[in-house]
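The model shown is predicted, which means the values in this text are computed figures rather than measured ones. In each ligand, atom 1 is the first atom listed, and ligand 1 is the first ligand listed.
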Amino acid sequence: MAQVLRAAVAAACAGGLFSRLQAPVPTGRAFSTPQSSRRVASAAVWALGRLNHVAIAVPDLEKARAFYRDVLGAQVSEVSPLPEHGVSVVFVDLGNTKLELLHPLGKDSPIAGFLQKNKAGGMHHVCIEVDDINAAVMDLKEKKIRSLSAEAKIGAHGKPVIFLHPKDCGGVLVELEQA
Ligand SMILES: C[C@@H](C(=O)O)C(=O)SCCNC(=O)CCNC(=O)[C@H](O)C(C)(C)COP(=O)(O)OP(=O)(O)OC[C@H]1O[C@@H](n2cnc3c(N)ncnc32)[C@H](O)[C@@H]1OP(=O)(O)O
């Protein structure tokens with residue numbers, strides 16, 4: 001009997017049963033293949049939050065501000081110049097989210113090209129909150145999504161932000177903002 005038991009244990013070891021049982025359990029969200037579970041286990045964990053704002057590039061900031069305030073009756077902020085981003089902004093309060101009206105500031109504004117192509121203005125980007133912007137950037141880099149700056153910068157709300165290339169995000173420029 002003992003001999004039979006020893007033979008069964010030896011066969012199980014040779015077949016890799018014990019090593020499979022001892023393998024670490026994947027801890028991430030995606031674990032359909034051993035390869036993806038290894039990647040998720042090493043990736044930083046982060047989550048998307050709410051929509052922070054939708055940004056609209058406009059050729060005339062005062063005119064756009066007056067339109068939202070006087071025609072649509074919205075609450076609008078003062079014009080705020082953000083030289084480090086090459087834009088001036090006005091926020092339109094919509095209760096559940098905001099619009100950010102953008103106008104180029106300085107000769108190297110990142111939105112100058114967009115307004116040259118879209119003379120009447122248009123939707124420029126969406127900004128979505130994340131709970132951990134550094135983890136998000138690391139994870140997205142691993143997934144080959146390009147960030148448009150080496151590091152997060154301080155955005156219009158005094159919080160770190162980073163932009164993702166529109167060609168990697170279904171044609172939409174996406175801004176992530178630390179919640
Ligand atoms: C204050 C802060 C905050 O909210 O906290 C802000 O909003 S700052 C807001 C302003 N800052 C930013 O936008 C920073 C990130 N943006 C950038 O680095 C740039 O704007 C790029 C997105 C790389 C685009 O640069 P640029 O217009 O010089 O390049 P480009 O004309 O060669 O564009 C490359 C391709 O991307 C497309 N493309 C350009 N801008 C786009 C946009 N907003 N949405 C979707 N696609 C866009 C072009 O049509 C082109 O496609 P085709 O090749 O098919 O023609």
If the cut-off is 4.0 Å to any non-hydrogen atom of E175, which atoms of ligand 1 fall inside it? 2 (C), 3 (C), 4 (O), 5 (O)

Residue and atom name of the nearest protein heavy atom (relative to atom 28 (O) of ligand 1), distance in Å to one decimal: P110 O, 4.9 Å

Could you tell me whether a side-chain N or O of K119 sits under 3.5 Å from a main-chain N or O of Q116, the two making a donor and an acceptor? yes

Within the structure, is a non-hydrogen atom of K167 found at a distance of less than 4.0 Å from ligand 1? yes

Does the H103 side chain pair with the main chain of V58, one donor and one acceptor, at a distance under 3.5 Å? yes

Quick one: sort the H157 and F91 rings into parallel, tilted or perpendicular, breaks at 30° and 60°. tilted

Within the protein, is there a heavy atom lying under 4.0 Å from atom 55 (O) of ligand 1? yes

Look only at the side chain of D93 and the backbone of Q75, and say whether a donor-acceptor pair between them is shorter than 3.5 Å. no

Tell me the nearest of L173, L148, I154 to atom 23 (C) of ligand 1, using heavy-atom distances. L148

How does I111 reach ligand 1, by side chain, by backbone, by both or by neither, if only non-hydrogen atoms under 4.0 Å count? side chain

Within the side chain of N118, is there an N or O that forms a donor-acceptor pair under 3.5 Å with the backbone of F114? yes

Around atom 38 (N) of ligand 1, find the nearest protein heavy atom and jot down its residue, atom name and distance. P166 CG, 4.1 Å

Test your reading of the model: is there a side-chain donor-acceptor pair from H165 to the backbone of K167, 3.5 Å cut-off? yes

Give yes or no for whether the N/O distance cutoff of 3.5 Å, strictly under, is met between H165 and ligand 1. no

Would a distance-only check, ignoring hydrogens and angles, find a side-chain to backbone donor-acceptor pair under 3.5 Å from T97 to N52? yes

Looking at E78 and R65, is any side-chain nitrogen of the basic one under 4.0 Å from a carboxylate oxygen of the acidic one? yes

Any idea which of K117, H53, E177, H124 brings a heavy atom closest to atom 44 (N) of ligand 1? H124

Verify atom 18 (O) of ligand 1: protein non-hydrogen atom under 4.0 angstrom away: yes

When rounded to the nearest 0.5 angstrom, what is the spacing between NE2 in H53 and CG in L102? 7.0 Å

Within a distance of under 4.0 Å, is there any protein heavy atom near atom 7 (O) of ligand 1? yes

Using a strict 4.0 Å cut-off to heavy atoms of L82, name the atoms of ligand 1 that fall inside it. 1 (C)

Identity and separation of the nearest protein heavy atom to atom 40 (N) of ligand 1: F114 CD1, 4.0 Å

Ligand 1 atoms nearer than 4.0 angstrom to some heavy atom of G171 are 45 (C), 46 (N)

Please list the nearest protein heavy atom to atom 4 (O) of ligand 1 with its residue and the distance rounded to 0.1 Å. E100 OE2, 2.8 Å

Atoms in ligand 1 flagged as close to G155, the criterion being non-hydrogen separation under 4.0 Å: 5 (O)

Do the side chain of S109 and the main chain of G86 share a donor and acceptor less than 3.5 angstrom apart? yes

What protein heavy atom sits nearest atom 15 (C) of ligand 1, and how far off is it? F163 CG, 3.6 Å

Has Q178 got a side-chain atom pairing as donor or acceptor with D131's backbone, closer than 3.5 angstrom? yes

Any protein heavy atom nearer than 4.0 Å to atom 51 (O) of ligand 1: yes

